[in-house]
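Read through the structure below, which is laid out as structure tokens, and then see the notes.
Since we're looking at a predicted model, the values are computed, not measured.
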Amino acid sequence: MQSASTNIGERMGRSQELSDSKRGPVIGGHLGNKSIRDISWLLNIPHSTVSGIITKWKQLGTTATQPPSGRPRHMTGRGQRMLKRTVRRSRQLSAESIAKDLQTWCGLQMNPTTVRRELHGMGFHGRAAASKPYITSAMQSVGCRGVKHAATGL
């Protein structure tokens with residue numbers, strides 16, 4: 001028999017999805033009028049997992065893995081890394097030119113709107129940098145106190 005600490009250690013963290021060979025006995029136990037607690041103890045599977053398998057079987061009539069919902073993403077991880085590298089190299093490029101570059105380099109046919117959306121998700125936004133006046137070394141040593149303001153004359 002396993003100790004309690006080993007059993008807890010196995011259950012902590014996210015794990016792989018249960019195989020069909022382990023889902024079958026869960027449904028078999030449920031059809032045999034076993035409680036969720038008993039099924040969990042017998043198969044060494046968490047209560048929440050057993051409950052989820054039974055609920056899914058009642059709703060869908062199957063325990064097979066369903067395809068993910070939603071449209072698949074257009075950009076792969078490799079394309080996103082290439083996009084980030086391109087923008088870091090030259091931040092002045094337009095979305096249209098970046099889309100053309102991605103098409104020539106890695107064959108991704110992409111709309112400039114998609115490029116903007118991906119860049120926005122990465123934290124790049126289409127904003128110009130704030131203009132900063134030329135500050136001489138004399139101004140730096142004196143600080144703001146030594147510079148007269150044009151509007152107030154102070």
Side-chain angles (χ1 to χ4, degrees), residues 5-27 30 36-37 39-40 43-154:
S5 62
T6 307
N7 196 11
I8 291 170
E10 288 175 355
R11 292 182 179 199
M12 290 183 69
R14 262 184 98 78
S15 62
Q16 294 284 325
E17 188 173 323
L18 241 62
S19 64
D20 288 333
S21 62
K22 285 201 174 185
R23 288 186 216 147
V26 171
I27 299 303
H30 176 68
I36 291 176
R37 181 180 178 192
I39 297 169
S40 172
L43 300 174
N44 196 21
I45 300 172
H47 291 92
S48 58
T49 305
V50 173
S51 176
I53 291 170
I54 293 170
T55 304
K56 182 178 177 183
W57 178 75
K58 284 180 179 178
Q59 289 175 351
L60 303 174
T62 180
T63 58
T65 305
Q66 300 297 310
S69 63
R71 184 181 173 126
R73 292 185 62 90
H74 187 70
M75 284 195 81
T76 60
R78 182 179 179 198
Q80 286 180 335
R81 288 191 302 273
M82 184 167 274
L83 177 63
K84 189 181 258 188
R85 222 177 299 124
T86 304
V87 172
R88 281 192 175 155
R89 230 180 282 132
S90 176
R91 291 183 182 243
Q92 301 299 320
L93 292 175
S94 66
E96 289 82 6
S97 64
I98 292 172
K100 286 178 187 173
D101 289 345
L102 286 173
Q103 184 179 0
T104 56
W105 292 336
C106 57
L108 280 174
Q109 182 71 32
M110 197 171 305
N111 195 326
T113 307
T114 307
V115 171
R116 282 187 207 98
R117 192 180 305 121
E118 290 290 335
L119 288 173
H120 186 82
M122 291 178 198
F124 294 103
H125 304 283
R127 300 188 186 110
S131 61
K132 295 161 184 77
Y134 177 71
I135 300 174
T136 62
S137 58
M139 290 172 144
Q140 286 176 354
S141 63
V142 174
C144 289
R145 290 167 283 151
V147 179
K148 289 189 177 184
H149 297 283
T152 60
L154 300 174

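- With a 6.0 Å radius and a threshold of 12 heavy atoms from other residues, nucleotides or ligands, Q92 has its CD atom at or below the threshold.
- Atom CE in M75 sits 9.0 Å away from atom OG1 in T114 (nearest 0.5 Å).
- A distance-only check finds no donor-acceptor pair linking the side chain of T49 to the backbone of I45 [under 3.5 Å].
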Please tabulate, one pair per line, all N/O donor-acceptor pairs under 3.5 Å involving side-chain atoms of residues 55-63, not counting sequence neighbours.
{"residue": "T55", "atom": "OG1", "partner": "S51", "partner atom": "O", "Å": "2.8"}
{"residue": "K56", "atom": "NZ", "partner": "A64", "partner atom": "O", "Å": "3.1"}
{"residue": "T62", "atom": "OG1", "partner": "A64", "partner atom": "N", "Å": "3.1"}

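- Atom NE2 in H30 sits 7.5 Å away from atom CD1 in I39 (nearest 0.5 Å).
- Separating the NZ atom in K100 from the CG atom in L93 is a distance of 12.0 Å, to the nearest 0.5 Å.
- Closest non-hydrogen pair, L18 versus R23, comes out as O-NH2, 2.7 Å.
- In this structure, the side chains of L83 and M122 come closer than 4.5 Å at one or more pairs of heavy atoms.
- Identified under the salt bridge (charged side-chain N to carboxylate O under 4.0 Å, His left out) test for residues 78-99, with sequence neighbours left out: E96-R116.
- The structure places CD of Q103 at 10.0 Å from CE of M110, a figure rounded to the nearest 0.5 Å.
- Distance alone, capped at 3.5 Å, places no donor-acceptor pair between the H120 side chain and the V115 backbone.
- Among residues at least two apart or in separate chains, salt bridge (charged side-chain N to carboxylate O under 4.0 Å, His left out) pairs with a member in residues 60-74 are R73-E118.
- P46 approaches S40 most closely through the heavy-atom pair C-OG, 3.7 Å.
- Minimum heavy-atom separation, I54 to I27: CA-CD1, 4.3 Å.
- Taking each heavy atom of S94 and S97 in turn, the nearest pair found is O-OG, 2.9 Å.
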